[in-house]
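These notes are about the structure you will find just below.
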Amino acid sequence: MNKLHTLDYITIIIYMVLMSGIGIFLGRYVKNIGDYFKGGSGISWLAGGISNFMTKFSSFVFVAYAGIAYSDGLVAITLIWSTIFPSILAVFVYAKLWKRAGIISPVEYLETRFNAPIRQIFSWSGVLLKVLDDMLKLYSIGIFVTAASGIPFETAVIFCGLVVAIYTVIGGFWAVIVTDVVQFVILFFSTLILVPLAYHAAGGIAHMQEVIPDNMQFLNGKKGTPFFVFVYYILIIIKYNGNWTFIQRFYSAKTEEDGKKIGWLSAGLFLVFPVIFLFPAVAARVILPELENPEMAYVALCLKLLPEGIMGLMLSAMFAATMSVLSAEYNVTASVLTRDIYQRLFRKNASPKETLWVARLMTLAVGLVVTFGALYVGQFGGAFKANQYLTGIFSIPMIIPVIMGIVFWRPQPWGAIATLVIGIATGIALNLNTQISWEMATFIEIVVCITVFLGSGLVLSKDREYNVRVVEFFKKLAKPAPKVSDADDSPVMTGLMMLYAFAFLVTGTMFIFMGVPSAGNLSGRLAIGSGIICLGAAAVFYRRGSGKSVR
């Protein structure tokens, strides 16, 4: 296979500098932890929806799901379409509830809904799970970079992890949102360049159906059995609605209606973009039939089809995918460490300046732990398998009390603890039994956790103080959240528009510059066209920033 060339490395360096610059620039607008962890509750539905999509679409998709697409075909799209339904459920149920809760961290409400110990238990255990999950994501980009460039795996992981930590530490949630939008553009256009190349190299759909007929079905292979798909969909609905970054987008929205729009936009992106992103991996089975490691399908195809410079754009897109996820995860995990652990346990009266410094230090600490932990993920059987068992065993018992506790008022505090303990024990026991499939073990665990949690509400508490607190909390959830004042003409919004203009200018120039050497090929022309579109967007943002800015 080909390796990266000088132009590719130039592209990657420009991208990294751009992302770091955005974080440094936005640091000037962060005045308190409300700004740092929820953007001052002023996130628009468009930016929030794109960010919500990007925080779930890491390079894990290009490694784990691409491996499934290579081995079993279109069933990979079937599986990733499971991400549509959490967003739709959020539209009708959770978007308004998270906004009305008035929180700064996703587990903050647990003390009011249940009690202080439960808030601490779910904070500490949730942080641990998040860190482990982030290690998997960073591991994915590491093996991609190593395969593409020959750079040592350890170097790739450390470099990417530290860059994300730097711009997230400084810029906070604003940096997460803005970089998500820019990274979405890079990811979209880079992948769009690869799709027609893969289509022609594979001989079109008709030829693919002749060569790999089974792979052109949406329910193929072991992961395409109806029961596996059913359980996987239920699992993703639970996991995403309880994902801290998912929750954060809704309580950071400007209004409840914006929160619902975030859900609809996320659902639409999850419906359309998996087809674009995973088609090349399906086609790779025809183009590269002898590939030893299916998880390397995407990088192998890119190295075969993309010319110098364009490959650098694609690798930047891989960085974009993972960095979007990690930056969001670092930020929301630091919010729990700061708000629910540090402030709640150690410094209740900490000044705003102190909590902001602690927030940045917590973000840095999370980034460092994830970076160095990712170096050891390969010992657990690959990205998809490790994520599959981590989610199946631990996520379900930790998430169900969080997402059901804000909907149902009857379940008791002991039910949340029992769900966590019994659920994890059940998951471990079932998965250790080699006679029970992963999907059956996961399904049983889901049923057990829901039964235990809801069953705890059959006998109500006699604690009058607790009952009054819960009643008041649900009265609060029944009332529309107060609207955030419109500040589209504020210095912050003007700065954001100008920042978007600069970011799209750099991105567009980068696409054009890298496309010129290959202008005689389809890939070069597509890159130049993408660059022109980005320059047009830069002009629009500049005009809005010069006059009345619009988020």
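Residue indices begin at 1 and follow the sequence shown.
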- request: For Thr442 and Ile396, work out which heavy atoms get closest and say how close.
  value: CG2-CD1, 3.8 Å

query: Okay, side chain of Tyr298, backbone of Phe277: is any donor-acceptor separation there less than 3.5 Å?
result: yes

- prompt: Could you go step by step and tell me if Tyr240 and Ser87 meet the side chain to side chain contact (heavy atoms under 4.5 Å, CB included) rule?
  reply: CA-CA 8 Å; Tyr240 274 36; Ser87 296; over 6 Å; no

task: Without swapping roles, check the side chain of Tyr70 against the backbone of Leu288 for a donor-acceptor pair under 3.5 Å.
output: yes

- prompt: Are Thr245 and Asn243 close enough that a side-chain donor and a side-chain acceptor fall under 3.5 Å?
  reply: yes

message: For the backbone of Ala76 and the side chain of Lys223, can you confirm whether one donor and one acceptor N or O come within less than 3.5 Å of each other?
response: no

- request: With rounding to the nearest 0.5 Å, note down the distance linking CE in Met404 to OG1 in Thr419.
  value: 9.0 Å

Heavy atoms of other groups near Phe153 CZ, more than 12 under 6.0 Å: yes

message: Between Ser51 and Ala47 (side chain of the first, backbone of the second, donor and acceptor by atom type, cut-off under 3.5 Å), is there such a pair?
response: no

task: Go through Met216 and Val282 one step at a time and tell me if the side chain to side chain contact (heavy atoms under 4.5 Å, CB included) criterion holds.
output: CA-CA 8 Å; Met216 298 306 289; Val282 178; 4.1 Å; yes

query: Looking at the rings of Trp81 and Tyr233, which for Trp means the six-membered one, are their centres under 6.0 Å apart?
result: no

field: Backbone N/O of Ile68 and side chain of Ser71: donor-acceptor pair under 3.5 Å
entry: no

- prompt: Is the Phe443-Phe227 ring centre distance short of 6.0 angstrom?
  reply: yes

query: Can you tell me how far the CH2 atom of Trp264 sits from the CH2 atom of Trp45, to the nearest 0.5 Å?
result: 13.0 Å

- prompt: So, Thr78 side chain and Phe218 main chain: donor-acceptor pair closer than 3.5 Å or not?
  reply: yes

- prompt: Ring centres of Phe184 and Phe273 under 6.0 Å apart?
  reply: yes

field: Side-chain heavy-atom pair Leu74, Asn220 within 4.5 angstrom cut-off
entry: no

- request: For atom NZ of Lys130, decide whether the heavy atoms of other residues, nucleotides or ligands shown that lie under 6.0 angstrom number more than 12.
  value: yes

message: Nearest 0.5 angstrom please: Phe122 CZ to Leu129 CG, how far?
response: 11.5 Å

statement: Distance col, row Ile399:CD1 vs Ile247:CD1, nearest 0.5 angstrom, shows 8.0 Å

task: Spell out, as yes or no, whether a donor-acceptor pair under 3.5 Å connects the side chain of Arg249 to the backbone of Gly48.
output: no

- prompt: Rounded to the nearest 0.5 Å, how far does CE of Met440 lie from CD of Gln435?
  reply: 13.0 Å

message: To the nearest 0.5 Å, what is the distance between CD1 on Ile234 and CD on Glu439?
response: 14.0 Å

- request: For side chain to side chain contact (heavy atoms under 4.5 Å, CB included), just list the numbers for Leu79 and Tyr65, CA-CA rounded to whole Å, side-chain angles, deciding distance to a tenth of an Å, and then say yes or no.
  value: CA-CA 9 Å; Leu79 293 177; Tyr65 280 99; 4.0 Å; yes

